[in-house]
Q: 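Input: one structure, supplied below.
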Amino acid sequence: MTHLLYLSDTYRDTASAKVLDIRDHEKGTAIILDQTIFYPQGGGQPCDRGTITLPPLDKEGVGGDLIFNVEFVALDPDGIVWHIGQMTPPDKGDGSQSDPGGLIGKAVDLKIDRERRMTNTQCHSAGHLIDIAMNSHEALRHLNAGKSFHFPEGPYVEYQGEIENPMEYISALEAKCQEVIKADMAIIAEDLSPQEAQKRGIKSPPGKAARFVYFEGYESVGCGCGGTHTKTSGEIGTTTIRKISSKKGVTRVAYLTT
């Protein structure tokens, strides 16, 4: 099981770790670490990308550091994070590549793409903001939240149930979003005990604690979430509603953050 450092600090973009194993994956070579700051794709949020800097394998240190470019990150059912990507081998002078298996047990430096992390974090937090806006509207609060998509390319939140003339609600939802953003409220993430999680009906994937996330003052609209979040609503940025559609028993709110 990999210790998830990002859960305690969304804004941390560097860390150290130890290589536990190197495995083959259909997407490429995968490095397994004892702990990580890399967010694994899931919960509607895309994974982090970045680099794992590996020490020289040769006793003489020929060729300098190895750089492993992390292109995809996944969390498996055993709570292990797979850092998948490609190795940039050192120049050993003979064109040969070092055996990555020799890295097991070595210390490494981790660095994520901070701009990508924060873009994804703002987009994810804005999805929770949409929940608040929907719940605050008398004609919409009866809709139950469903699946969500927090990728910067076309994010949306879905709700179970239909409404008439959905586009007419855009201005009201945007106004509520801006009100909460302007108030700069704290976004709180609480780790729950198994008993409390069961009581609230919150589940979590293996390797992740059950977490309850809510905006200060809106605890009733909180939900279980293992993603990354901004510290306050003010850090989300401008949130606009791009489109609202309602058909086949589902209402979808498409939004953008800038």
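Only this structure's heavy atoms are used, side chains among them; waters, hydrogens and symmetry mates stay out.
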Q: Could you walk me through whether F215 and L129 pass the side-chain contact (heavy atoms from CB on, under 4.5 Å) test, one step at a time?
A: CA-CA 8 Å; F215 287 54; L129 184 62; 4.2 Å; yes
Q: Decide yes or no for M134 and L173: does some side-chain heavy atom of the first lie under 4.5 Å from some side-chain heavy atom of the second?
A: yes
Q: Looking only at side chains, do E235 and Y11 share a donor and an acceptor under 3.5 Å apart?
A: yes
Q: Tell me yes or no: between the side chains of N69 and T51, is some donor less than 3.5 Å from an acceptor?
A: no
Q: We want to know whether D48 and Y6 form a side-chain donor-acceptor pair, criterion being a heavy-atom distance below 3.5 angstrom.
A: no
Q: Can you tell me how far apart SG (C223) and CZ (F212) are? Round to the nearest 0.5 Å.
A: 7.5 Å
Q: Does any non-hydrogen side-chain atom of I32 lie less than 4.5 Å from one of V19?
A: no
Q: Determine which pairs satisfy side-chain hydrogen bond (donor to acceptor under 3.5 Å, both in side chains) with at least one residue from residues 170-179, sequence neighbours left out, and list them in order.
A: K176-E179, K176-Y218
Q: Classify the angle between the aromatic ring planes of H128 and H150 as parallel (below 30°), tilted (30 to 60°) or perpendicular (above 60°).
A: parallel
Q: Is the charged tip of R242 near the ring of Y255: under 6.0 Å from the six-membered ring centre and within 45° of its axis?
A: no
Q: Between Y214 and E190, is a side-chain contact (heavy atoms from CB on, under 4.5 Å) present by the stated rule, with each step listed?
A: CA-CA 9 Å; Y214 62 95; E190 297 180 353; 3.0 Å; yes
Q: What's the separation between atom OH in Y39 and atom CD1 in I112, rounded to the nearest 0.5 Å?
A: 12.5 Å
Q: Step by step, would you call R252 with F149 a side-chain contact (heavy atoms from CB on, under 4.5 Å)?
A: CA-CA 10 Å; R252 174 181 288 188; F149 180 77; over 6 Å; no
Q: Compare all side-chain heavy atoms of L7 with those of D191 and state whether any distance is below 4.5 angstrom.
A: no
Q: Less than 4.5 Å apart, side chain to side chain, heavy atoms only: is that true for I241 and K243?
A: no
Q: Check step by step if side-chain contact (heavy atoms from CB on, under 4.5 Å) holds for T230 and T10.
A: CA-CA 7 Å; T230 57; T10 289; over 6 Å; no
Q: If you round to the nearest 0.5 Å, how far is CD1 of I163 from OG of S246?
A: 5.0 Å
Q: Is the shortest side-chain heavy-atom distance between V81 and V73 below 4.5 Å?
A: yes
Q: Could you check T2, D76, T29 and say which one makes a side chain to side chain donor-acceptor pair (under 3.5 Å) with W82?
A: D76
Q: Do the side-chain N and O atoms of T228 and Q45 include a donor-acceptor pair separated by under 3.5 angstrom?
A: yes
Q: Can you confirm whether P155 sits close enough to C123 that some side-chain heavy atom of one is under 4.5 Å from a side-chain heavy atom of the other?
A: yes
Q: Please identify which of these residues, I187, I188, I236, meets the side-chain contact (heavy atoms from CB on, under 4.5 Å) condition with H229.
A: I187
Q: Which value, rounded to the nearest 0.5 Å, describes the distance between L33 atom CG and L5 atom CG?
A: 10.0 Å
Q: What closest approach, in Å, do L192 and E196 show between heavy atoms, and which atom pair accounts for it?
A: CD2-CG, 4.0 Å
Q: Go through the side-chain N and O atoms of T36 and H83 and say whether any donor and acceptor fall under 3.5 Å apart.
A: yes
Q: If you take all heavy atoms of Y169 and E164, which pair is closest and at what distance?
A: CE1-O, 3.7 Å
Q: Do V108 and L110 make a side-chain contact, defined as non-hydrogen atoms from C-beta onward lying under 4.5 Å apart?
A: yes
Q: How close do Q86 and E71 get, heavy atom to heavy atom, and via which atoms?
A: CG-OE2, 3.5 Å
Q: Is R49 atom CZ crowded by more than 12 heavy atoms from other residues, nucleotides or ligands, each under 6.0 Å away?
A: no
